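Only a predicted model underlies this, so the values are computations on that prediction, with no experimental measurement involved.
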Protein chains: 2
Amino acid sequence: MENARLASKKRSTRKEAGRASGRTQVTIHEIAREAGVSIATVSRTLNAPEKVRPQTRERILAIVRDRHYVSDALAVSLVSRRSGTIGVIIPTIIYSIYAGFIHSIQKACGEAGYTVLTGITEYSDTLEDEIVTRLLERRVDGLVLTGVSRGAGIYHKIRNLGVPFVTTWHVSKNPDIPSVSFDNYAASMDAMQHLYSLGHRRIALICGKSDRNDRAFERRRAYCDFLRRKRIGSNAELMEERDFEFSEGEAAMRKILRVEPRPSAVFCANDILAVGAMHACRDLGVAVPADMSIMGFDDHPVTEHVTPPLTTIRVPADSMGKEATRSLLRAIDTGKPPASKVLRTDVVVRDSTAPTGKRRTRRKAS
Amino acid sequence: MENARLASKKRSTRKEAGRASGRTQVTIHEIAREAGVSIATVSRTLNAPEKVRPQTRERILAIVRDRHYVSDALAVSLVSRRSGTIGVIIPTIIYSIYAGFIHSIQKACGEAGYTVLTGITEYSDTLEDEIVTRLLERRVDGLVLTGVSRGAGIYHKIRNLGVPFVTTWHVSKNPDIPSVSFDNYAASMDAMQHLYSLGHRRIALICGKSDRNDRAFERRRAYCDFLRRKRIGSNAELMEERDFEFSEGEAAMRKILRVEPRPSAVFCANDILAVGAMHACRDLGVAVPADMSIMGFDDHPVTEHVTPPLTTIRVPADSMGKEATRSLLRAIDTGKPPASKVLRTDVVVRDSTAPTGKRRTRRKAS
DNA sequence: CGACAAAATGAAAACGTTTACATTGCGGAT
DNA sequence: ATCCGCAATGTAAACGTTTTCATTTTGTCG
């Protein structure tokens with residue numbers, strides 16, 4: 001009612017062309033014109049209400065509500081030189097290893113008034129480069145990266161624009177590259193120690209592709225180092241590098257089960273591969289943990305609910321997201337580089353690992 | 001070398017203040033100045049290279065590379081009146097039911113040159129409202145929503161800015177609200193029919209909170225209608241509404257297992273609850289599927305790998321994401337409202353459901 | 001009632017692009 | 001030589017804000 005009257009009283013002086021296409025944006029100018037004030041006053045009403053006379057303020061606010069004014073964050077960003085967005089880059093969203101991580105970042109950012117732009121690289125360097133460029137074009141105020149190893153070109157690009165960033169899921173040795181993470185190497189050592197102390201000596205490895213994934217690389221390195229330190233030594237036959245898929249874990253396990261002598265345990269460097277491996281054992285009648293101990297990594301929510309529940313490494317995905325965000329936002333505020341942090345991991349012992357003594361002797365399947 | 005010479009020859013006229021804070025943005029103006037051309041020519045070089053003389057073009061491009069120029073998408077958006085972003089709103093990212101969906105949207109958007117802004121509502125209406133507002137401020141070119149039922153206020157807000165949107169995961173009856181989805185009701189009917197045709201008559205339900213989740217509502221409605229149609233009728237004791245957590249499915253199942261006479265099957269309206277329910281059965285020594293058939297919904301990737309593999313409803317999460325994006329992008333291009341679409345679902349029969357005949361008689365646990 | 005400080009408001013410049021329109025320069029047709 | 005047309009380039013106005021500085025209004029005190 002009211003707004004109809006006002007609208008007819010004051011005719012729009014702006015071009016009416018957009019009308020037809022339905023894209024009539026209500027701007028601060030329109031509000032100002034209707035209220036009979038300048039745009040500065042409207043802006044102040046919205047951002048610093050105490051600076052405008054209550055009477056004027058109320059009149060303006062009424063019109064703002066009436067016309068469903070929504071400010072244009074793009075224009076604001078342009079002048080304020082802050083986009084209010086944070087870019088986050090993860091390798092994959094499927095299987096939700098990164099879901100909790102992303103969620104905690106989104107939450108922390110939301111609370112601080114930031115919006116999150118997520119990029120998914122699918123473990124591809126070229127895609128990552130493209131995505132980073134796009135985020136930088138969008139003038140993200142900060143960047144959360146997964147892993148540390150990547151072409152120097154990307155870091156150069158980011159640095160060149162002075163955009164603060166933190167890496168995660170991998171502790172950085174380079175002081176120029178801040179990281180908020182847990183120690184993959186140490187955690188994997190713990191995992192191996194767990195298997196070792198159960199009496200396992202012949203231990204297989206199923207991990208991600210270590211050439212394009214530094215988390216996989218570190219976990220594999222720990223596996224090899226551990227075996228070397230225990231004077232066992234690693235064996236190429238017992239090491240499988242696979243893509244991040246249930247079916248790959250399954251295939252890797254099938255292959256390992258054909259090796260003679262058969263190992264008594266397998267360290268899967270992520271839970272997805274571990275669940276796939278368990279599936280293979282079930283299909284082939286290999287009892288877990290009696291015939292084969294399986295150790296996972298990540299503490300994916302579902303590992304508690306598979307049969308048997310999986311022994312794994314709990315990684316602080318949520319707190320890592322939260323801490324990385326805090327560190328990044330503080331860096332944005334202060335102008336200093338983000339603080340690094342190393343978070344702890346835990347071995348979560350469930351039912352997929354058991355002492356070697358319990359092992360049943362069994363004919364080879366093939 | 002070359003740029004050092006050029007840089008020293010022409011001193012910067014822009015304010016040098018930002019230098020110290022590290023936020024020296026290389027603009028089109030700088031490039032233009034260094035190349036000795038106008039900004040228009042630089043802009044043309046970048047966006048319509050054929051319009052500028054090869055010689056000039058190469059000179060400009062060299063400087064662009066040299067100075068690591070990155071265009072400011074915000075400024076571009078402001079003048080082009082297109083942000084190049086799509087907003088996507090989902091209730092949760094944990095447990096990855098929506099992961100494939102999000103991923104396919106991101107992929108389709110990426111290919112079309114759009115960036116995705118994701119919002120997570122945690123099943124909260126007020127949070128959804130807040131997130132939508134924030135996305136609208138960011139001037140998203142389109143919006144993908146999950147579910148249809150929400151306060152009219154949100155739709156009003158979106159419509160008011162003329163932003164095209166599609167809803168997903170729920171077929172809309174309202175012609176003003178386009179949806180690209182599958183039919184939860186029909187799919188649930190299929191699920192019930194599957195159990196019924198195996199001989200099950202006493203069937204329990206574990207579903208999400210139907211008051212704030214229209215997918216849960218529809219699935220529950222189908223459950224009730226099916227039983228009514230078969231003249232069985234539903235029973236409040238056998239219907240549990242739970243939050244989206246493994247542990248909730250577990251608790252619900254425990255409760256249902258105490259009901260006398262015990263049902264022979266349970267329809268879980270999502271896989272997360274189903275896996276939780278299976279866990280409860282395992283803990284209590286209830287054999288699945290011999291003593292209890294469990295039917296899931298969603299075909300979460302892990303359902304294939306739990307023990308026993310879960311019978312479930314395959315929903316077209318990926319193609320829904322892709323189709324919704326296509327429909328939305330076309331709407332953005334044409335200015336017409338997005339086209340609706342109904343996608344098919346399938347019953348995926350695995351090992352968690354079996355005919356009632358196989359049922360072993362067993363003492364009550366308590 | 002006048003003066004003056006404080007409060008309220010306005011004008012205009014910036015933010016970094018794109019683009020319509022204007023200008024320039026050049027080759028070829030007359 | 002003159003003119004035309006076209007290609008190449010430049011000028012300047014947008015886009016929707018915030019913010020500095022100037023100006024006007026208000027209120028207070030002597």
Side-chain angles (χ1 to χ4, degrees), chain A residues 12-18 21 23-33 35-60 64 67 69-84 136-139 141 161, chain B residues 12-18 21 23-60 64 67-84 136-139 141 161:
Chain A
S12 171
T13 56
R14 300 211 144 215
K15 63 177 175 210
E16 311 263 338
S21 79
R23 287 310 189 97
T24 326
Q25 186 169 330
V26 179
T27 70
I28 213 176
H29 287 92
E30 280 201 67
I31 306 293
R33 189 164 32 75
V37 296
S38 74
I39 58 165
T41 304
V42 177
S43 177
R44 273 187 285 257
T45 305
L46 265 20
N47 302 310
E50 76 284 358
K51 290 189 183 170
V52 23
R53 195 153 47 117
Q55 185 191 336
T56 326
R57 191 199 306 160
E58 290 314 322
R59 181 159 42 103
I60 292 172
V64 164
R67 300 289 307 261
Y69 170 78
V70 176
S71 84
D72 187 324
L74 273 56
V76 174
S77 298
L78 191 60
V79 49
S80 68
R81 310 176 75 76
R82 294 179 55 256
S83 68
L136 292 177
E137 281 180 352
R138 290 241 134 70
R139 292 298 183 263
D141 294 330
L161 272 82
Chain B
S12 172
T13 56
R14 300 211 142 216
K15 63 174 175 213
E16 310 262 339
S21 79
R23 287 309 191 96
T24 326
Q25 186 168 329
V26 178
T27 70
I28 213 176
H29 286 92
E30 279 202 68
I31 306 293
R33 190 163 33 75
E34 273 193 38
V37 298
S38 74
I39 57 164
T41 304
V42 179
S43 176
R44 273 188 286 257
T45 305
L46 266 19
N47 302 310
E50 76 284 356
K51 289 190 184 171
V52 26
R53 195 154 47 116
Q55 186 191 335
T56 326
R57 192 199 305 161
E58 291 313 321
R59 182 160 40 102
I60 291 171
V64 164
R67 301 290 307 263
H68 300 97
Y69 170 78
V70 176
S71 82
D72 187 326
L74 273 53
V76 174
S77 298
L78 191 59
V79 50
S80 68
R81 310 177 74 76
R82 298 179 53 258
S83 69
L136 292 177
E137 281 180 352
R138 290 240 133 69
R139 291 298 183 261
D141 294 332
L161 272 82

### Summary
Ile60(B) CD1 to dA8(D) P, in whole Å, measures 13 Å
### Query
Among all residues two or more places apart in sequence or in another chain, which pass the salt bridge (Lys or Arg N to Asp or Glu O under 4.0 Å) test with Arg138(B)?
none
### All side chain to side chain contact (heavy atoms under 4.5 Å, CB included) counterparts of Leu78(A), not counting sequence neighbours
Asp72(B), Ala75(B), Leu78(B)
### Message
Between C1' on dT9(D) and CD on Glu50(B), what's the gap in Å once rounded to a whole number?
### Response
15 Å
### Message
Can you measure Leu74(B) atom CG to dT18(C) atom P for me and round it to whole angstrom units?
### Response
13 Å
### Message
I'd like to know if the side chain of Arg59(A) and the backbone of Ala35(A) have a donor-acceptor N/O pair within less than 3.5 Å.
### Response
yes
### Message
Counting only side-chain nitrogens and oxygens, does Thr41(B) get under 4.0 Å of the OP1 or OP2 atom of dG10(D)?
### Response
yes
### Task
Taking the side chain as every heavy atom from C-beta outward, state whether Leu161(A) and Arg139(A) have any pair of such atoms under 4.5 Å apart.
yes
### Summary
The side chain to side chain contact (heavy atoms under 4.5 Å, CB included) partners of Arg57(A) (sequence neighbours excluded) come to Thr45(A), Pro49(A), Val52(A), Pro54(A), Leu61(A)
### Task
Sequence neighbours left out, what passes side chain to side chain donor-acceptor pair (under 3.5 Å) with Ser43(B)? Give chain and number order.
Asn47(B)
### Query
Between dT9(D), dG16(C), dA8(C), which nucleotide gets closest to the side-chain atoms of Arg81(A)?
dG16(C)
### Task
Could you check whether Ser77(B) gets within reach of a base, just the sugar-phosphate, or nothing at all, counting any heavy atom under 4.0 Å?
nothing
### Query
In whole Å, what is the span from the CG atom of Leu136(B) to the C1' atom of dG16(D)?
16 Å
### Task
Mind checking the CZ-CD spacing from Arg81(B) to Gln25(A)? Nearest 0.5 Å is all I need.
6.0 Å
### Query
Considering the terminal five base pairs at each end of the helix from dC1(C)-dG30(D) to dT30(C)-dA1(D), what angle separates the two local helix axes, rounded to 10°?
60°
### Task
Among dG16(C), dT9(D), dG10(C), find the nucleotide with the atom closest to the side chain of Leu78(A).
dG16(C)
For nucleotides 17-22 of chain D, tabulate all protein N/O to nucleotide N/O atom pairs closer than 3.5 Å, reporting atom names and distance.
residue : atom : partner  : partner atom : Å
dT17(D) : OP1  : Tyr69(A) : OH           : 2.8
dT17(D) : OP2  : Ile28(A) : N            : 2.8
dT17(D) : O5'  : Tyr69(A) : OH           : 3.1
dT18(D) : OP1  : Asn47(A) : ND2          : 2.8
dT18(D) : OP2  : Ser43(A) : OG           : 2.4
dT18(D) : OP2  : Asn47(A) : ND2          : 3.3

#### Entry: Sequence-distant partners of Val64(A), side chain to side chain contact (heavy atoms under 4.5 Å, CB included), two or more places apart
Ile31(A), Leu46(A), Ile60(A), Tyr69(A)
### Message
Please report the distance, rounded to the nearest Å, between CZ in Arg53(B) and C1' in dC6(D).
### Response
14 Å
### Gln55(B): side chain to side chain donor-acceptor pair (under 3.5 Å) partners, not counting sequence neighbours
Arg53(B)
